[in-house]
Amino acid sequence: MELKIKNLKFKVKKSQQLVFALMLVFAFLLATFNFSLAATAEAKYYTELKFAPLSEIKLPKYERFVLQNGLVVYLVEDRELPLVNGTALVRTGSRLEPAAKVGLAGFTGAVMRTGGTKKHSPDELNQILEQRAAAVETSISEATGSASFEALSEDLETVFGLFAEVLREPVFAAEKLDLAKTQARGGIARRNDDPDEIATREFRKLIYGKDSPYARTIEYATVDRISRDDLVKFYEQYFHPNNIILGIVGDFDTKKMRSLIQAKLGDWQPNPKFTKPQLAEVSPANTGGVFFVNQPQLTQSSVLIGHLGGRFDNPDYPALDVLNGVLNGFGRRLFNELRSRQGLAYSVYGYWNPRFDYPGMFVAGGQTRSDATVQFVKALQAEIKRIQAQRVTAEELAFAKESTLNSFVFNFQDPSQTLSRLMRYEYYGYPADFLFRYQKAVAATTTADVQRVAKQYLKPENTVTLVVGNQTAIQPPLTQLAAKVIPIDVTIPSPPQAKN
């Protein structure tokens, strides 16, 4: 009898627990349902969203000074984390290398670090840095050379010493150059694997000219002509303290940092005869035409249309950037028309894309089905002409300006970004407040400004069109765009025969 009573009590408890659990589930569902109703009732279309005004952006406190040898230094203290990082910008670039030795600058930038220094072999350098979770890197791009370091605050003196060695005393080990050349040859062999890469490479040749320093490409023959002596000479031509801007940000004491820089780099002798390199003149290689790269394996076309553009220091750049905002992005003109309404492409874009000290490009394009290629090109051309012929609406202007100004704040997320901009502006001779001038000019841009710059700077009559795709699948054919379609041969030249 007692057992039955206990079982009865147990069953009652289980029933109570079950009822309680059901009540909790019901309450949760009710709350969720009510929340969903509230969310649905309050949901707004993206154009109706309101954002708080942007707070004023201020530059962090920084110190700029110049060593007696001409080295320009920027220092920004940031004690948030026990880290220090620095970058040296060197006035050089692949655009300054000889045409017969394309690839020389890139090899110099790579082997400068991988080849070790006079005091430390490559393996020793790697081991010391790895033990401290630190890094020292070097590279040379189209328009700049750079050397950088990252270190914990406690390892700053050691890592900065290695950084100074790499900057001042690289030995360019021959075996590391051989390795870099082998890797470059592999890149040449694979350069036609990606149709978008083909399109970008060949489009630059069409705009700047195949022999332009802004478009020429590395080849097996140019790789084979490059020796270790070439790297040493290229390094010696440009790596001088009076041709370098050094910026350091992080957890350090400015007074001690100045002393460390003086100790490691202060006795580096300048080159009094060094002058700023003269850049090649840029003019359009083509002012029209339809060009085609046949890739029979493709099921879609990569399309680029455009022409030579301009520079950041153009007073109309802010209005042109607002123009970019009208054309590009979710809910904007190109997206709405070519993707949403006509269904011609998943991604489509059109940008006025300037450069600091030479003309950039205006380029529009995307990827589309082979059978929609001609329609896609015509639709792009139509949108370019429409923005010239019709003023943008007040809503389009407001959205473009707001998105441009909102993205502006991301240039100042941390002190290292701000420092990088200060250094880059000095590197190219721009005023330190350039970005703030740009911000004010964007805010002042009107619908009339957008139409004016569209008419002045977009040149639909001088547009170069490039298609990379499957010739037999492109129907209607590209001859509907132009009577003459010029083929481009992207066959990779064979490596030179090895000499016995």
Side-chain angles (χ1 to χ4, degrees), residues 92-115 138-145 172-235 237-238 277 279-286 289 291-298 302 304 355 358 361 464 466-468 486-500:
T92 182
S94 61
R95 59 186 178 180
L96 303 175
E97 66 194 1
K101 297 182 179 182
V102 175
L104 171 59
F107 290 142
T108 304
V111 183
M112 185 175 168
R113 163 65 180 86
T114 62
T138 59
S139 66
I140 298 178
S141 61
E142 177 185 85
T144 58
F172 298 104
E175 65 273 16
K176 297 300 181 181
L177 172 59
D178 291 340
L179 176 60
K181 292 170 74 170
T182 298
Q183 293 170 337
R185 293 186 184 100
I188 294 170
R190 296 188 300 272
R191 74 182 181 197
N192 287 339
D193 292 353
D194 184 348
D196 290 338
E197 183 180 336
I198 296 173
T200 301
R201 182 185 71 233
E202 298 303 320
F203 191 73
R204 292 183 69 87
K205 292 180 183 179
L206 293 172
I207 299 300
Y208 293 107
K210 63 182 179 63
D211 297 323
S212 166
Y214 301 108
R216 60 196 180 196
T217 55
I218 188 171
E219 302 288 356
Y220 293 121
T222 66
V223 171
D224 287 350
R225 295 190 191 108
I226 297 170
S227 67
R228 178 187 175 278
D229 286 344
D230 292 319
L231 270 64
V232 173
K233 290 177 182 177
F234 193 87
Y235 166 83
Q237 187 172 0
Y238 298 106
L279 302 180
E281 292 292 327
V282 174
S283 59
N286 293 281
F291 301 83
F292 179 65
V293 177
N294 188 30
Q295 296 286 281
Q297 77 280 9
L298 299 180
S302 293
L304 292 176
R355 290 291 182 265
Y358 73 94
M361 297 184 289
V464 173
L466 173 64
V467 176
V468 178
I486 304 170
I488 296 177
D489 184 6
V490 295
T491 303
I492 300 170
S494 300
Q497 295 295 320
K499 296 180 180 179
N500 294 327

**Student:** Please report the closest heavy-atom contact between Gly115 and Ala173, naming both atoms and the distance.
**Tutor:**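 Taking every non-hydrogen atom into account, O-CB, 3.6 Å.
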**Student:** Any salt bridge (Lys or Arg N to Asp or Glu O under 4.0 Å) pairs touching residues 95-114, not counting sequence neighbours?
**Tutor:**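 Listed by first then second residue: Arg95-Asp357, Lys101-Asp230.
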**Student:** How far apart are the closest heavy atoms of Phe172 and Val232, and which atoms are they?
**Tutor:** CD1-CG2, 4.0 Å
**Student:** Taking Arg225 first and then Glu219, would you say they form a salt bridge - that is, a charged N and a carboxylate O separated by under 4.0 Å?
**Tutor:** no
**Student:** Just by distance, no angles: are the side chains of Ser227 and Asp229 close enough, under 3.5 Å, to form a donor-acceptor pair?
**Tutor:** no
**Student:** Mind listing the closest non-hydrogen atom pair of Val223 and Ile188 along with its distance?
**Tutor:**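 Nearest pair, atom of Val223 first, then Ile188: CG2-CD1, 4.2 Å.
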**Student:** So Leu177 and Lys181, do their side chains get closer than 4.5 Å, heavy atoms only?
**Tutor:**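 Yes - at least one pair of side-chain heavy atoms lies under 4.5 Å apart.
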**Student:** Taking the side chain as every heavy atom from C-beta outward, state whether Arg185 and Asp224 have any atom pair closer than 4.5 Å.
**Tutor:**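 Arg185 reaches Asp224 side chain to side chain.
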**Student:** Which distance, rounded to the nearest 0.5 Å, do you find between the CD1 of Ile486 and the CG of Leu206?
**Tutor:**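 One finds 8.5 Å between CD1 of Ile486 and CG of Leu206.
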**Student:** What distance do Arg201 atom CZ and Ile488 atom CD1 have between them, rounded to the nearest 0.5 Å?
**Tutor:**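 So the gap between those two atoms works out to 9.5 Å.
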**Student:** How about Asn294 and Pro487: do any of their side-chain heavy atoms sit closer than 4.5 Å?
**Tutor:** no
**Student:** Apply the test side-chain contact (heavy atoms from CB on, under 4.5 Å) to residues Leu96 and Tyr238: give CA-CA distance (whole Å), side-chain angles for both, the deciding distance (0.1 Å), then the verdict.
**Tutor:** CA-CA 10 Å; Leu96 303 175; Tyr238 298 106; 3.5 Å; yes
**Student:** Within a reach of under 6.0 Å around NZ of Lys205, are more than 12 heavy atoms found that belong to other residues, nucleotides or ligands?
**Tutor:** yes
**Student:** Check whether any side-chain heavy atom of Glu202 sits under 4.5 Å from a side-chain heavy atom of Val468, and report yes or no.
**Tutor:** no
**Student:** Provide the closest heavy-atom pair for Gly209 versus Ala215 in the form atom of the first, atom of the second, distance.
**Tutor:** O-CB, 3.4 Å
**Student:** Ignoring hydrogens and geometry, is there a side-chain-to-backbone donor-acceptor pair from Asn192 to Val490 under 3.5 Å?
**Tutor:**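 Yes: the side chain of Asn192 pairs with the backbone of Val490.
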**Student:** Can you name the closest pair of heavy atoms from Lys176 and Thr114 and give their distance?
**Tutor:** CG-O, 3.4 Å
**Student:** Looking only at non-hydrogen atoms, find the nearest pair between Gly93 and Phe234 and report the distance.
**Tutor:**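 Minimum heavy-atom contact is O-CZ, 3.8 Å.
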**Student:** Asp211: which residues meet the side-chain hydrogen bond (donor to acceptor under 3.5 Å, both in side chains) condition with it, sequence neighbours left out?
**Tutor:**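 Checked Asp211 against side-chain hydrogen bond (donor to acceptor under 3.5 Å, both in side chains); zero matches.
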**Student:** Using side-chain contact (heavy atoms from CB on, under 4.5 Å), reason through Thr222 and Arg216 one step at a time and then give a plain yes or no.
**Tutor:** CA-CA 11 Å; Thr222 66; Arg216 60 196 180 196; over 6 Å; no
**Student:** How long is the gap from CE on Met112 to OH on Tyr235, to the nearest 0.5 Å?
**Tutor:** 5.0 Å
**Student:** Going by the angle between their ring planes, with limits at 30° and 60°, are Tyr208 and Tyr214 parallel, tilted or perpendicular?
**Tutor:**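 Tyr208 and Tyr214: tilted rings.
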**Student:** For the side chain of Ser139 and the backbone of Gly109, is there at least one donor-acceptor N/O pair under 3.5 Å apart?
**Tutor:**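 Side chain of Ser139 to backbone of Gly109: no pair is present.
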**Student:** Could you give the distance from CZ (Phe107) to CG (Leu231), rounded to the nearest 0.5 Å?
**Tutor:** 8.0 Å
**Student:** Looking at Val467, Leu304, Asn286, which one forms a side chain to side chain contact (heavy atoms under 4.5 Å, CB included) with Phe291?
**Tutor:**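 So, applying the side chain to side chain contact (heavy atoms under 4.5 Å, CB included) to Phe291 and each of Val467, Leu304, Asn286, only Asn286 qualifies.
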**Student:** Which residues pass the side-chain hydrogen bond (donor to acceptor under 3.5 Å, both in side chains) test with Ser494, not counting sequence neighbours?
**Tutor:**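 With sequence neighbours excluded, Ser494 shows a side-chain hydrogen bond (donor to acceptor under 3.5 Å, both in side chains) to no residue whatsoever.
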**Student:** As an exercise, state the distance from OG1 of Thr200 to CG of Asp196, rounded to the nearest 0.5 Å.
**Tutor:** 6.5 Å
**Student:** State the CD1-CD1 distance between Ile226 and Ile218, to the nearest 0.5 angstrom.
**Tutor:**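 If I round to the nearest 0.5 Å, the distance is 6.0 Å.
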**Student:** Could Asp178 and Arg228 be called an ion pair, given the rule that one side-chain N must be under 4.0 Å from one carboxylate O?
**Tutor:**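 Salt bridge absent between Asp178 and Arg228.
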